[in-house]
Amino acid sequence: MKIEGNVDLTMDFCGLRLPNPFLLASAPPTANAAMIKRAFALGWGGAVTKTIPPDGMVITDVSPRLKALRNNNGTVFGLENIELISRKPLSLWLDEIRDIKQCFPQNLLIASLMAELCKEQWQMMAVSLQEAGADALELNFSCPHGMPEKGLGSAIGQDEELTRLITSWVKEVVSIPVIVKLSPNVTDIGRLALAAEKGGADGLAAINTVSCLVGIDLDTFEPQPSVNGFSTFGGLSGPAVKPIGLRCVAQIAQTSRLPISGMGGISSWKEAAEYILVGASNVQICTEVMLRGYGIIKGMKEGLTRYLKSKGLFEVDGLRAQALPKLVSHESLNRNYRVWPDIDKQTCNACGRCVIACRDAGSNALLINDSKLTRDDEACDGCSLCINLCRSLKAEMKS
Ligand SMILES: Cc1cc2nc3c(=O)[nH]c(=O)nc-3n(C[C@H](O)[C@H](O)[C@H](O)COP(=O)(O)O)c2cc1C
């Protein structure tokens, strides 16, 4: 057992031991053995290979296939991709999987796969990957672009019966854990989680990217990313999708008893902790690694260790699902509870932004008198718009 300052980051997932809860998600950072081995050497607990296609399925990527969403400071907060699954087919991956497991037997290596709608093909791939030494399989039922046009990816993950059926095909032939990666692009992800569970899945992973169209070039009218003047709907990842991923994982945890590998917009240990708090056993990361490299693992492990300690916990499992009982129906929320804006007189410069917001979208409860911001307690209905708008306003609780 690896103890870091009394905190033990090792954990179980579907009966497998992980050195720590941080995995690389199936994506460009897991495109080959050399990359995965470099990440393991830097301390990642596990990795999910880029999704492996069967031999004979020709995968031809386009260029460009990425387009970032930036805030006004230029920081990337979202990334659209129209990348397909691995261009390297099964037969070329098998030796790479053997190689990774030989060099890093303690790390969790999950093989992600996708096949045609054909039982023999799914089963043949699953058995080959198991024989090559993969610790578990992740069934990609969730890629939202390119593959659904062929009836694969999220076309499977949007159909409860196909999700159940293909999971059961794979379960029939392998003894290693089978994890189903779910799509957020569905009306009720809980129903898909149950379908995978019915098919015999040992675990679930969520979310894959969120179907999107990131923007249009206002000069050329070309949707982005433009491939010689044309584009297609893609998948959004990165910080912008965290609220969607967190909701999906919470919903899955409320519906299914299967262990969950959570992902979507994790850029630091804080988002990782949030995913664990709503029921994930561990987390996967893609976009942040694409932007900042494998080296982020050090800060992730240190930050989570410090946080666990501060909470008096010594294992990641102590955190798991602790926030779930606090997620209730809207009807159950306390109608007598209110927050008011507490004005920080040190920092408020009475710029009036909150006054305009409250006047035009709230209850007209903020006023500027003698160059000072004041609030009208009778008028304020506690919506919290102003508190969200300006850091000089803090929530003052009243119940
Ligand atoms: C460029 C790119 C390629 C991806 N390729 C795959 C893939 O082959 N298989 C898969 O299951 N998910 C794939 N994903 C989705 C990621 O594994 C992950 O589910 C998603 O990006 C959300 O996590 P993030 O916000 O940390 O990036 C890809 C994502 C990106 C950005």
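Residue indices begin at 1 and follow the sequence shown.
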Item to complete: Indicate if Val278 and Met263 have the same hydrophobic cluster label, given that clusters are the connected sets of ILVMFWY residues with side-chain heavy-atom separations under 4.5 angstrom.
Response: no

Discussion item. Can you give me the closest heavy-atom contact between Pro53 and Lys88, atom names plus distance?
Written reply: CD-O, 3.2 Å

Practice prompt. Take Glu80 and Gln224 through the test side chain to side chain donor-acceptor pair (under 3.5 Å) and record every step on the way to the result.
Written response: CA-CA 9 Å; Glu80 173 176 339; Gln224 301 294 305; over 6 Å; no

Fill in: Residue pair Glu160, Arg191: steps toward the salt bridge (Lys or Arg N to Asp or Glu O under 4.0 Å) verdict
CA-CA 7 Å; Glu160 287 168 52; Arg191 292 172 71 103; 2.9 Å; yes

Worksheet item: Would Arg98 and Gln102 count as having a side-chain donor-acceptor pair, cut-off 3.5 Å?
Response: no

Discussion item. Quick check for you: to the nearest 0.5 Å, what is the distance between Ser91 atom OG and Asp55 atom CG?
Written reply: 3.5 Å

Fill in: Worked verdict on Thr51 versus Ser112 for side chain to side chain donor-acceptor pair (under 3.5 Å)
CA-CA 5 Å; Thr51 299; Ser112 168; 2.6 Å; yes

Worksheet item: Can you find a heavy atom in the side chain of Val170 that is under 4.5 Å from one in the side chain of Gln123?
Response: no

Response to the item:
Tested for side-chain contact (heavy atoms from CB on, under 4.5 Å) against Arg375, the lone hit among Pro341, Cys386, Cys380, Cys358 is Pro341

Discussion item. I need the single residue from Ile387, Leu385, Leu373 that forms a side-chain contact (heavy atoms from CB on, under 4.5 Å) with Cys354. Which is it?
Written reply: Leu373

Practice prompt. Dump the intermediate steps for side-chain contact (heavy atoms from CB on, under 4.5 Å) on Leu24 and Val289, then the final yes or no.
Written response: CA-CA 8 Å; Leu24 290 171; Val289 176; 3.8 Å; yes

Practice prompt. Would you give the length of the straight line joining atom CG of Leu291 to atom CG of Leu79, rounded to the nearest 0.5 angstrom?
Written response: 6.5 Å

Practice prompt. Quick one: list whatever passes ring-ring contact (aromatic ring centres under 6.0 Å, His included) with Phe141, sequence neighbours left out.
Written response: Trp122

Practice prompt. Output the distance between atom OG1 (Thr75) and atom CZ (Arg70), rounded to the nearest 0.5 Å.
Written response: 8.5 Å

Item to complete: Using a 4.5 Å cut-off on heavy atoms from C-beta on, say whether the side chain of Leu108 contacts that of Ile110.
Response: yes

Worksheet item: Knowing that exactly one of Thr163, Thr209, Asn208 qualifies, which makes a side chain to side chain donor-acceptor pair (under 3.5 Å) with Ser142?
Response: Asn208

Practice prompt. Spell out, as yes or no, whether a donor-acceptor pair under 3.5 Å connects the side chain of His145 to the backbone of Glu83.
Written response: yes

Practice prompt. Please confirm whether the backbone N or O of Cys383 pairs with a side-chain atom of Asp381, one donor and one acceptor, at under 3.5 Å?
Written response: yes

Worksheet item: Side-chain contact, heavy-atom cut-off 4.5 Å: Val283 with Ser261?
Response: no

Worksheet item: Taking side chain as C-beta onward, heavy atoms only, is Leu16 less than 4.5 Å from Asp12?
Response: no

Worksheet entry | Heavy-atom side-chain proximity of Ile82 to Lys67 below 4.5 angstrom | no

Item to complete: Measure the CG-CZ distance between Asp377 and Arg338 for me, rounded to the nearest 0.5 Å.
Response: 12.0 Å

Discussion item. Is the shortest side-chain heavy-atom distance between Met300 and Ile285 below 4.5 Å?
Written reply: yes

Worksheet item: Donor-acceptor pair, Ser256 side chain versus Ile252 backbone, under 3.5 Å?
Response: no

Worksheet item: Are Phe40 and Leu42 connected, step by step, through hydrophobic side chains (Ile, Leu, Val, Met, Phe, Trp, Tyr) whose heavy atoms are closer than 4.5 Å?
Response: yes

Worksheet entry | Side-chain donor or acceptor of Asn369 paired with backbone N/O of Thr374 under 3.5 Å | no

Fill in: Any pair counted as ring-ring contact (aromatic ring centres under 6.0 Å, His included), so long as it reaches residues 253-292, sequence neighbours left out
Trp269-Tyr307

Item to complete: Work out which heavy atom in Ser332 is nearest to a heavy atom in Ser329; give both atom names and the distance.
Response: OG-OG, 2.6 Å

Worksheet entry | Residues Asn140, Leu152; criterion side-chain contact (heavy atoms from CB on, under 4.5 Å); working and verdict | CA-CA 9 Å; Asn140 181 343; Leu152 307 178; over 6 Å; no

Item to complete: Examine distances only and state if a side-chain atom of Lys101 and a backbone atom of Pro105 form a donor-acceptor pair shorter than 3.5 Å.
Response: yes

Worksheet, complete the sentence: Rounding to 0.5 Å, atoms CG (Leu367) and CZ (Arg359) come to a distance of 11.5 Å

Response to the item:
In terms of heavy-atom contacts, Lys181 and Ile207 come closest through CE-O, 4.2 Å

Practice prompt. Could you tell me whether the side chains of Ser392 and Asp344 share a donor-acceptor contact shorter than 3.5 Å?
Written response: no

Worksheet item: Same cluster or not: are Leu236 and Val186 linked, directly or through other Ile, Leu, Val, Met, Phe, Trp or Tyr residues, by side-chain heavy atoms under 4.5 angstrom apart?
Response: no

Fill in: Side chain to side chain, Gln284 and Ile266, heavy atoms closer than 4.5 Å
no

Discussion item. Could you measure the distance from the CD atom of Glu96 to the CH2 atom of Trp93? Nearest 0.5 Å is fine.
Written reply: 5.5 Å

Fill in: Shortest non-hydrogen separation from Ser281 to Phe13 and the atoms involved
CB-CD1, 4.0 Å

Worksheet item: Of all heavy-atom pairs between Ile85 and Asp61, which one has the smallest distance, and what is that distance?
Response: O-OD2, 4.5 Å

Fill in: Main-chain N/O of Thr287 paired with Ser237 side-chain donor or acceptor, under 3.5 Å
no

Discussion item. Leu113 vs Thr49, test: side-chain contact (heavy atoms from CB on, under 4.5 Å). Steps then yes/no.
Written reply: CA-CA 9 Å; Leu113 65 150; Thr49 66; over 6 Å; no

Worksheet item: Without hydrogens or angle criteria, can the side chains of Asp8 and Thr10 be said to hold a donor-acceptor pair below 3.5 Å?
Response: yes

Practice prompt. Determine the minimum heavy-atom distance between Met35 and Pro28, stating which atoms define it.
Written response: CE-O, 3.4 Å

Discussion item. Assess the residue pair Met147 and Leu84 against the criterion (side-chain contact (heavy atoms from CB on, under 4.5 Å)); give the C-alpha distance rounded to whole Å, side-chain angles, the decisive distance to 0.1 Å, and a yes or no.
Written reply: CA-CA 7 Å; Met147 309 319 290; Leu84 299 174; 4.0 Å; yes

Practice prompt. Decide whether Val210 and Ile260 are clustered together by the hydrophobic rule: side chain heavy atoms of Ile, Leu, Val, Met, Phe, Trp, Tyr closer than 4.5 Å, transitively.
Written response: no

Discussion item. Lys298 vs Glu302, test: salt bridge (Lys or Arg N to Asp or Glu O under 4.0 Å). Steps then yes/no.
Written reply: CA-CA 6 Å; Lys298 189 167 181 284; Glu302 285 171 359; 3.1 Å; yes

Worksheet item: Does any donor atom in the side chain of Ser175 or Gln130 lie under 3.5 Å from an acceptor atom in the other side chain?
Response: yes

Worksheet item: Do Arg257 and Glu197 sit within salt-bridge range, that is, some charged N less than 4.0 Å from a carboxylate O?
Response: no

Worksheet item: Are Leu165 and Lys119 side-chain neighbours, meaning at least one heavy-atom pair lies under 4.5 Å?
Response: no

Worksheet item: Is there a donor-acceptor contact under 3.5 Å from the side chain of Ser211 to the main chain of Pro144?
Response: no

